[in-house]
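Fair warning: this is a prediction, and the values are worked out from it, not measured in the lab.
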Amino acid sequence: MKQTSNIEILTETVIVDIFGKDGVEGVTVKHKGGTSEESVRNISVTGYFAAVGRKPQTDVFKNQIDTDEQGYFKTDGFSTKTNVEGVFVAGDCADPVYRQAVIAAASGCKAALDVEKFLNS
């Protein structure tokens, strides 16, 4: 990978805080496996990009809502309906192809319309 002096790529790291007075001035990060204070540090930044990973975070619903072998929620065709009546899904956890924010926003709108239809029926 090409090295760039003003870019640091962090893996297995979570953002604990974003701080600044008149905008973003820094972030506090913690290494996931760390248990000591050394695993937490502040980084001065004027901007940042956070990637949330490639695995949908759906485990909390395991054994409740059907998922595929990769962990994405299964839906009824192109709708946002799940196997649980009244439960609709949207965004990255239901879209193994596109997964990104624009798709999530559009999918959220679809879910809102499905919920409205469900509540009115």
Tightest non-hydrogen contact, residues Lys110 and Phe78, listed as NZ-O, 3.1 Å
Looking only at heavy atoms, which two atoms of Pro56 and Cys93 are closest? And how far apart? CB-CA, 4.1 Å
Would you say the side chain of Lys32 lies within less than 4.5 Å of the side chain of Val14, judging by non-hydrogen atoms? yes
For the OG1 atom of Thr13 and the CZ atom of Arg41, what is their distance to the nearest 0.5 Å? 7.5 Å
Determine whether Ile18 and Val45 fall in the same hydrophobic cluster, where Ile, Leu, Val, Met, Phe, Trp and Tyr are linked whenever their side-chain heavy atoms lie under 4.5 Å apart. yes
Examine distances only and state if a side-chain atom of Asp68 and a backbone atom of Gly71 form a donor-acceptor pair shorter than 3.5 Å. yes
Side-chain heavy atoms nearer than 4.5 Å, only ILVMFWY residues, links allowed to pass through others: does that put Val16 and Ile43 together? no
Please report the shortest heavy-atom distance between Tyr72 and Ala94, naming the atom on each side. CD2-N, 4.2 Å
Check for me, please, whether Phe19 and Ile15 land in the same ILVMFWY cluster - side-chain distances under 4.5 Å, paths through other members count. no
Asp66 backbone acceptor or donor facing Asn83 side chain under 3.5 Å: yes
Excluding Phe61, membership of its hydrophobic cluster (Ile, Leu, Val, Met, Phe, Trp, Tyr; side-chain heavy atoms within less than 4.5 Å) reads Val60, Ile65, Phe73, Val84, Val87, Val89
Compare every heavy atom of Lys21 with every heavy atom of Glu25, then report the nearest pair and how far apart it is. OE2-N, 3.2 Å
Heavy atoms, side chains only, cut-off 4.5 Å: are Val24 and Thr46 in contact? no
According to side chain to side chain donor-acceptor pair (under 3.5 Å), does anything in residues 111-121 pair up with another residue at least two apart or in another chain? List the pairs. Thr80-Asp114
Please list, chain by chain and in numerical order, all residues satisfying side chain to side chain contact (heavy atoms under 4.5 Å, CB included) with Glu85, sequence neighbours excluded. Phe118
